[in-house]
Amino acid sequence: MYLTQYRTQKKLVAPAVLSVSLVATLLLSGCSDNSTDSAPAESSSSAASSTSASASSATPSPTTSASTSQKASPSANAATSKAAENKESDSADAPSENYAGAEALSSAKSTDLSNEQVTKTQDLYSSYEKVLTAVGTVEVKSDKESDSASSAKEDNTNTPNLALDDKTVSDIEKVSTGSASDEFSANALEFGTNDWKQEGTSKIVGEPKVADSKYNGAPAKVLEVCIDSSDVKVKDSAGNTLTDPNTPKKSLNIFTLVEDNGSWKIASHDFPNNPDC
């Protein structure tokens, strides 16, 4: 501000200085021409300085410019864009559910425990678990095993090849079909081979979800239910408890139900990526 006032005053005084210089030239003829030339130069310099000052005052100050640019700065836009990209990347990196009916369940609303499909699932799964309380097996011998019988005796091994008996197979087929039947049969055979027994049954708790789906092209119901196995214990032939006490007692299970010859059966059994419930 002080610099501008000084330049303005200097511009106003310049003509007066020029007049005095001309008078001095007339009175003192011995003065050099350099004195006369310096006054116009000074006047021109003052005028240029004044013009520069006026131009400078019309330009927004650095503070104002910074404030204006801050409203939509490239760095701020870049940060926002980067955050959006990271969010999209995180969503892309998250593993997607790969079980049948996952998309239908993602938009399904929670239902209560009295829902028809929920109670049917509870009955079917409880019936399967009861099979595990006393799994029946039979010994099966193949031609290959007969050929190697002598070598087995030499090794002092006595591991029979077992299969589920007819009753156990029938009980499993009453409540399941498809991949669920294969899973339940394999689990039952493991119990029978190791002489394990299950005590108690699990129950569905919380707020299950039910949605329409397809299984091998046929209409189906897919359910997401929380299974509470707090009352379940697995014991060996000596009565020792094999159930790990640190294992979570509740977990989300995915069941697909289909109608088979007029009866609902479990067609598939799966788990979501995050089974916590």
Side-chain angles (χ1 to χ4, degrees), residues 91 94-135 164 167-188 190-191 197-234 243-245 247-277:
S91 300
S96 59
E97 303 290 356
N98 58 6
Y99 60 83
E103 185 175 352
L105 275 179
S106 65
S107 58
K109 295 182 179 180
S110 299
T111 186
D112 55 46
L113 297 175
S114 62
N115 177 278
E116 180 183 359
Q117 302 302 327
V118 174
T119 57
K120 175 56 67 175
T121 301
Q122 176 71 76
D123 293 342
L124 294 172
Y125 195 65
S126 294
S127 297
Y128 156 66
E129 287 187 309
K130 288 178 181 177
V131 172
L132 302 179
T133 62
V135 177
L164 298 176
K167 181 180 183 306
T168 302
V169 171
S170 176
D171 288 342
I172 292 176
E173 289 180 347
K174 287 178 181 178
V175 300
S176 63
T177 186
S179 61
S181 183
D182 295 338
E183 176 193 336
F184 294 169
S185 296
N187 195 36
E190 183 180 15
F191 270 62
K197 290 178 173 55
Q198 176 170 315
E199 292 183 356
T201 56
S202 55
K203 58 184 178 181
I204 297 176
V205 298
E207 298 180 339
K209 291 182 178 181
V210 182
D212 293 324
S213 184
K214 294 282 187 180
Y215 182 81
N216 291 339
K221 296 288 185 180
V222 59
L223 297 87
E224 178 189 80
V225 297
C226 180
I227 296 290
D228 184 353
S229 57
S230 300
D231 297 332
V232 174
K233 290 182 181 180
V234 176
T243 309
D244 186 352
T247 301
K249 302 302 180 183
K250 296 180 180 180
S251 63
L252 285 176
N253 287 241
I254 307 298
F255 292 100
T256 300
L257 303 186
V258 296
E259 282 193 287
D260 182 30
N261 296 323
S263 300
W264 285 101
K265 293 183 179 180
I266 299 175
S268 68
H269 175 223
D270 213 325
F271 299 92
N273 292 328
N274 181 10
D276 295 341
C277 65

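A distance of 10.0 Å separates OG1 in T133 from CZ in F191, rounded to the nearest 0.5 Å. One finds the OG atom of S185 at 8.5 Å from the OH atom of Y128 (value rounded to the nearest 0.5 Å). Taken to the nearest 0.5 Å, the OG atom of S181 stands 6.5 Å off from the CD1 atom of I172. Taken to the nearest 0.5 Å, the CG atom of L257 stands 4.0 Å off from the OG1 atom of T121. A distance of 11.5 Å separates CD in E224 from CG in D270, rounded to the nearest 0.5 Å. We find the CG-CG distance between L223 and L105 to be 7.5 Å, quoted to the nearest 0.5 Å.
A donor-acceptor distance shorter than 3.5 angstrom exists from the side chain of D112 to the backbone of N115, with no hydrogens or angles considered. No donor-acceptor distance shorter than 3.5 angstrom exists from the side chain of Q198 to the backbone of K130, with no hydrogens or angles considered. A donor-acceptor pair under 3.5 Å is formed between the side chain of T243 and the backbone N or O of V234.
For E183 and S179, the side-chain atoms include no donor-acceptor pair closer than 3.5 Å.
Taking the side chain to side chain donor-acceptor pair (under 3.5 Å) definition, one finds that K265 meets it with D260, sequence neighbours left out. Scored by the ring-ring contact (aromatic ring centres under 6.0 Å, His included) test, Y215 finds no partners at all (sequence neighbours excluded). Applying the side chain to side chain donor-acceptor pair (under 3.5 Å) criterion to N216, with sequence neighbours excluded, gives no partner residue. Remark: K167 engages D165, D171 in a side chain to side chain contact (heavy atoms under 4.5 Å, CB included) (not counting sequence neighbours).
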Can you give me every donor-acceptor pair (side chain of residues 201-210, partner residue at least two apart or in another chain, under 3.5 Å) with its distance?
{"from": "S202", "atom 1": "OG", "to": "E129", "atom 2": "OE1", "distance (Å)": "3.0"}
{"from": "S202", "atom 1": "OG", "to": "E129", "atom 2": "OE2", "distance (Å)": "3.0"}

Side-chain atoms of residues 248-256: list all donor-acceptor pairs with protein atoms under 3.5 Å, sequence neighbours left out, distances to 0.1 Å.
{"from": "S251", "atom 1": "OG", "to": "N253", "atom 2": "ND2", "distance (Å)": "3.3"}
{"from": "N253", "atom 1": "OD1", "to": "H269", "atom 2": "NE2", "distance (Å)": "2.7"}
{"from": "N253", "atom 1": "ND2", "to": "S251", "atom 2": "O", "distance (Å)": "3.0"}
{"from": "T256", "atom 1": "OG1", "to": "S268", "atom 2": "OG", "distance (Å)": "2.9"}

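The two residues S127 and V175 make their nearest non-hydrogen contact at CB-CG1, 3.6 Å. Closest non-hydrogen pair, S213 versus V222, comes out as CB-CG1, 3.8 Å. Heavy atoms only, all atoms of each residue included: V258 and A267 are closest at CG2-CB, 3.7 Å.
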Exercise. Kindly determine whether F184 and I266 satisfy side-chain contact (heavy atoms from CB on, under 4.5 Å), including the steps that lead there.
Key: CA-CA 10 Å; F184 294 169; I266 299 175; 4.2 Å; yes

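Within a 6.0 Å radius of CD in E116, no more than 12 heavy atoms belonging to other residues, nucleotides or ligands are found.
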